[in-house]
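Heads up: the structure comes next, in structure tokens.
Numbers for residues simply follow the sequence, beginning at 1. Computed from a prediction, not measured in an experiment: that's the story for all the values here. In each ligand, atom 1 is the first atom listed, and ligand 1 is the first ligand listed.
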Amino acid sequence: MAIEAPAARPANPRFSSGPCAKIPQFTTDMLADAALGRSHRAAIGKDKLKAAIETTREILGVPADYKIGIVPASDTGAVEMAMWSMLGARPATMVAWESFGAGWVTDVVKQLKIEAEVKTADYGDIVDLADVDFDTDVVFTWNGTTSGVRVPNGDAIPADRAGLTICDATSAAFAQDLPWDKLDVTTFSWQKVMGGEAAHGMLILSPRAVERLESYTPAWPLPKIFRLTKGGKLIEGIFKGETINTPSMLAVEDYLVALDWAKSVGGLKGLMGRADANAKVIWDFCETRDWIANLANDPATRSNTSVCLKFTDDRIKDGATFAKAVAKRLEKEGVALDIGAYRDAPAGLRIWCGATVETSDLEALMPWLEHAFEAEIAAQ
Ligand SMILES: Cc1ncc(COP(=O)(O)O)c(C=O)c1O
């Protein structure tokens with residue numbers, strides 16, 4: 001028996017978890033003001049880079065005494081330069097509950113060979129931050145993009161910690177409340193919640209992080225693109241838009257356009273509200289189906305950006321093949337692109353719900369998900 005396809009389709013089928021959907025109604029004409037073919041050290045370029053920093057500060061509510069820098073190599077670049085520049089001064093604790101966090105563990109333990117306690121949890125669970133010693137330097141991911149499990153809040157992080165907290169917040173920034181007083185190093189990329197381009201990373205430093213940089217020199221050499229200090233002093237220019245190397249002025253313009261849009265939807269509150277409403281569409285859908293469930297076991301840790309789902313129906317013969325077939329069917333129908341689970345994650349789906357996604361598109365997708373599920377059950 002043929003299973004009838006839903007009548008309505010998402011207007012935008014882009015639900016990838018990175019690069020994420022561009023802002024609604026995006027066209028490349030919006031980038032016409034880019035300082036192309038100009039030096040990023042000229043006033044026009046520097047002003048744009050500075051505007052990117054200061055508008056980020058304004059929207060995210062970053063305290064005035066925190067430094068914000070635009071650095072090379074996207075979020076990975078920002079995390080790596082923080083770890084390579086700051087770790088080693090005291091013991092470290094590496095906290096991971098999915099693939100990206102696990103990558104930072106490898107770096108610190110195998111590459112930097114730093115004395116570190118490693119705390120991990122399986123996909124779907126989270127490490128209890130109350131069990132972490134914050135007198136060590138702690139590296140963790142705020143929102144685990146590949147498991148859809150997030151830190152619910154910063155309550156477990158003591159205000160009077162002796163160590164630094166280094167937080168990869170790339171799929172959390174602009175969608176979740178980040179407690180700046182609990183975060184010494186925060187990183188993200190433009191390609192996630194803002195739907196920007198992936199070239200550059202953002203590195204946000206608390207005064208304590210700056211103090212570490214100015215008082216500690218790691219035993220290992222640092223390449224130029226990681227160097228944040230000169231002669232024991234912070235290179236202040238990096239945090240005013242004098243980037244270490246040449247940035248893409250097209251990517252900068254694109255980020256500025258996205259920040260403008262963010263303001264137009266109510267700033268951080270508006271962005272968080274959009275992600276919450278988006279994720280709720282999927283949560284509510286799962287609530288009323290017994291064949292699909294959130295990968296996050298504790299509802300308090302469910303991500304509102306990278307929503308990860310697992311199939312729970314007994315009739316499914318091979319979980320990985322089934323999930324891939326559902327994702328492929330939805331892609332072929334042109335209703336959902338790039339929603340297969342991350343390659344290291346358990347079989348399932350991952351649907352991006354950050355602010356650039358329209359709630360109406362997720363509402364339109366849900367009947368298609370049901371349709372694809374039924375079709376694949378029948379096709380097994
Ligand atoms: C939690 C997390 N960390 C790091 C990265 C790597 O980001 P990028 O490729 O922008 O460097 C990603 C990308 O998805 C991520 O989700």
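- Using a 4.0 angstrom heavy-atom cutoff, Glu98 does not count as in contact with ligand 1.
- Lys22 approaches Glu197 most closely through the heavy-atom pair NZ-OE2, 2.6 Å.
- Linking Ile, Leu, Val, Met, Phe, Trp and Tyr whenever their side-chain heavy atoms come within less than 4.5 Å leaves Leu295 and Leu365 in two separate clusters.
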Indicate every side-chain donor-acceptor pair of residues 327-343 with a distance under 3.5 Å to a residue at least two apart or in another chain.
| unit_1 | atom_1 | unit_2 | atom_2 | d |
| --- | --- | --- | --- | --- |
| Arg329 | NE | Glu376 | OE2 | 2.6 |
| Arg329 | NH2 | Glu376 | OE2 | 3.0 |
| Glu331 | OE1 | Asp338 | N | 3.4 |

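- Of the listed options Thr145, Thr170, Asp75, Thr145 places a heavy atom closest to atom 16 (O) of ligand 1.
- By the rule that hydrophobic residues join a cluster once side-chain heavy atoms approach within less than 4.5 Å of another member, Phe239 and Leu256 end up as members of separate clusters.
- Counting only heavy atoms of the protein, atom 6 (C) of ligand 1 lies nearest to Thr76 OG1, 3.4 Å.
- Protein heavy atom at the shortest distance from atom 10 (O) of ligand 1 is Ser74 OG, 2.5 Å.
- Protein heavy atom at the shortest distance from atom 3 (N) of ligand 1 is Asp168 OD2, 2.6 Å.
- The ring pair (Phe, Tyr, Trp, His ring centres under 6.0 Å) contacts involving residues 168-213 comprise Phe174-Phe188, Trp190-His200, Trp190-Tyr255, where partners must be two or more places apart or lie in separate chains.
- Those atoms of ligand 1 with a heavy atom of Lys192 less than 4.0 angstrom away are 13 (C), 14 (O), 16 (O).
- Residue-to-ligand polar distances place Gln191 within reach of ligand 1: an N/O pair is separated by less than 3.5 Å.
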>> Show, in sequence, the C-alpha distance, side-chain angles and deciding distance for Ser17 and Ser306, and conclude whether the side-chain hydrogen bond (donor to acceptor under 3.5 Å, both in side chains) test is met.
In response: CA-CA 6 Å; Ser17 291; Ser306 57; 5.6 Å; no
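- In the vicinity of Ser189, heavy-atom distances shorter than 4.0 Å reach the ligand 1 atoms 10 (O).
- Residue contacts with ligand 1, taken as heavy atom pairs separated by less than 4.0 Å, involve Thr141 solely via side-chain atoms from C-beta onward.
- Using a distance-only test at 3.5 Å, with no hydrogens or angles considered, a donor-acceptor pair links the side chain of Arg57 to the main chain of Pro63.
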